[in-house]
Amino acid sequence: MTMNPGPAPHSLASTRSVGLDLAGRTALVTGAASGIGRACALRLAAAGAKVRAVDRETDGLDMLVGRALEMSVPGSVEPLVLDLTELDAAEAAAAGTDILVNNAGLQLVRPIEQFPPDVFRTVLTVMLEAPFRLIRGALPHMYGQGWGRIVNISSVHGLRASAYKSAYVAAKHGLEGLSKTAALEGAPHGVTSNCVNPGYVRTPLVEKQIADQAAAHDIPQDRVVTDILLKDSALKRLIEPEEVAEAVAYLCTPHASFMTGMSLALDGGWTAH
Ligand code: NAD
């Protein structure tokens, strides 16, 4: 029996290399003032998108806008100061976006019996409930036009647990489920939803963890990277934020239009164990 594979999407058939042209697209990136979010905002703006850069840190957003101007990106970066625990405002901010990058996050490294319940709740709110509300706010426009891209910055900790990270691991595992559900519901409407799962990325979030882990394990900070952070990684280096942003950009290309409900591990071989 011969299978008819059907026509390739027009944009794919006419594109010879993996390119990304987001002119006319609006992207919302949360946690855009720092680290991975900042790199994603700049990458999407470099591809021509109008980027709504959401964060609670005004100074970091100002620096991001300055960097985009220095780079003369063809798109634009529009800062929006917002604390994502304000869930109604978060949902409203997502209206009209074509691409949603759920990236904002925070970490506290502490054994469960010492983990403050209010911090646990905040981590779940920012890293799971806010993404749900942002997706909820973005979908009507995406469904209306028959195209949308949701990229959830999960983690190797969406796929594996580590001691002392109960809230973070719980939130990321929840985000994986939310992302897959959005993929199933979005498929008939041209909307894909995927996770990107980095190992340890060189950002302020990790720099803070090195100090916290040193205290939790009672070892010097210089041993934290080699003995703890990269213990399960086959590749013995931190990833750069720009490498994560490139994976996010790839998921927005026509070449990735059949990828949905998946988790793209950039973990140096950690989950190969
Ligand atoms: P980062 O600390 O450099 O940046 C996180 C940003 O989120 C900050 O700008 C912060 O202000 C913002 N944010 C936090 N709480 C917020 C809130 N309530 N409202 C609005 N903004 C808020 O961190 P990063 O390393 O770039 O991490 C970004 C994402 O990548 C997170 O979801 C994190 O879990 C994930 N991640 C990071 C690593 C890593 O090694 N750095 C690895 C895997 C996954």
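Sequence positions, counted from 1, serve as the residue numbers for this chain. When a ligand or atom number is given, it counts from 1 through the structure's own listing order.
Side-chain atoms of Glu185 do not come within 3.5 Å of backbone N or O of Ala182 as any donor-acceptor pair. Using a distance-only test at 3.5 Å, with no hydrogens or angles considered, a donor-acceptor pair links the side chain of Asn194 to the main chain of Met262. A donor-acceptor pair under 3.5 Å links the side-chain atoms of Asp55 to the main chain of Ala33, judged by distance alone. Side-chain atoms of His173 come within 3.5 Å of backbone N or O of Val169 as a donor-acceptor pair. Looking only at distances, no side-chain donor or acceptor of Lys172 sits under 3.5 Å from a matching main-chain atom of Val156. With hydrogens and angles ignored, the 3.5 Å screen pairs a side-chain donor or acceptor of His273 with a backbone N or O of Asp232.
Distance from atom 44 (C) of ligand 1 to its nearest protein heavy atom, with residue and atom name: Ser154 O, 3.1 Å. In terms of protein heavy-atom proximity, atom 2 (O) of ligand 1 is nearest to Leu205 CB, 3.5 Å. Of the protein's non-hydrogen atoms, Leu84 N, 2.9 Å is the one closest to atom 19 (N) of ligand 1. Nearest protein heavy-atom neighbour of atom 8 (C) of ligand 1: Asp55 OD2, 3.5 Å. Of all protein heavy atoms, the one lying nearest to atom 38 (C) of ligand 1 is Val201 CG2, 3.8 Å.
The shortest N or O to N or O distance between Met127 and ligand 1 is not below 3.5 Å. Considering backbone and side-chain N/O of Glu57, none are found under 3.5 Å from N/O of ligand 1. Polar contact with ligand 1: absent for Val156 (N/O pair, distance under 3.5 Å). When only interatomic distances are considered, the shortest N/O to N/O separation between Ile36 and ligand 1 falls below 3.5 Å. The distance criterion of under 3.5 Å between nitrogen or oxygen atoms is not met by Tyr200 with respect to ligand 1.
Close contacts between ligand 1 and Tyr168 involve ligand atoms 33 (C), 34 (O), 35 (C), 36 (N), 37 (C), 43 (C), 44 (C) [criterion: under 4.0 Å to a heavy atom]. Residue-ligand proximity, Asp83 to ligand 1, at heavy-atom distances under 4.0 Å covers atoms 17 (C), 18 (N), 19 (N). Each of the following atoms of ligand 1 lies closer than 4.0 Å to a heavy atom of Asn103: 28 (C), 29 (C), 30 (O), 31 (C), 32 (O). Atoms of ligand 1 found under 4.0 Å from any heavy atom of Val126, numbered from 1 in the order shown, are 15 (N), 18 (N). Taking every non-hydrogen atom of Gly31 and a distance limit under 4.0 Å, the qualifying atoms of ligand 1 come out as 6 (C), 7 (O), 12 (C). Heavy-atom contacts of Leu82 reach the following atoms of ligand 1: 19 (N), 20 (C) (cutoff under 4.0 Å). Every atom of ligand 1 with a heavy atom of Val206 under 4.0 Å away is listed here by number and element: 39 (C), 40 (O), 41 (N).
In Leu238, neither the side chain nor the backbone holds a heavy atom less than 4.0 Å from any atom of ligand 1. For Lys172, every heavy-atom contact with ligand 1 shorter than 4.0 Å involves the side chain, none the backbone. Heavy atoms of Arg56 found under 4.0 angstrom from ligand 1 belong to the backbone as well as the side chain. The side chain of Thr203, and not its backbone, has at least one atom closer than 4.0 Å to an atom of ligand 1 (non-hydrogen atoms only; side chain from C-beta on).
Of the candidates Ala33, Pro131, Gly105, Gly105 brings a heavy atom nearest to atom 5 (C) of ligand 1. Between atom 1 (P) of ligand 1 and the options Gly35, Ala32, Ser34, the minimum heavy-atom separation is to Ser34.
Salt-bridge annotation for Glu91 and Arg136: present, with a side-chain N of the basic residue lying under 4.0 Å from a carboxylate O of the acidic one. With salt bridges taken as basic N to acidic carboxylate O contacts below 4.0 Å, one links Arg237 and Glu243. Salt bridge status for Lys231 with Asp227: absent, with no side-chain N to carboxylate O gap under 4.0 Å.
Heavy atoms of Gly60 stay at 4.0 angstrom or farther from ligand 1. At least one heavy atom of Gly199 sits less than 4.0 Å from an atom of ligand 1.
Here the rule is side-chain contact (heavy atoms from CB on, under 4.5 Å) with Ser263, and of Ser155, Ser179, Cys195 only Cys195 fits it.
Using a 4.5 Å heavy-atom cutoff, the side chains of Asp98 and His141 are in contact.
Here His157 and Trp270 bring their ring centres to under 6.0 angstrom of each other.
For CE of Met63, the number of neighbouring non-hydrogen atoms (other residues, nucleotides, ligands) closer than 6.0 Å is 12 at most. Within a 6.0 Å sphere centred on CD1 of Ile112, other residues, nucleotides and ligands contribute 12 heavy atoms or fewer.
There is no path of hydrophobic side-chain contacts, each under 4.5 Å, that joins Leu82 to Leu61.
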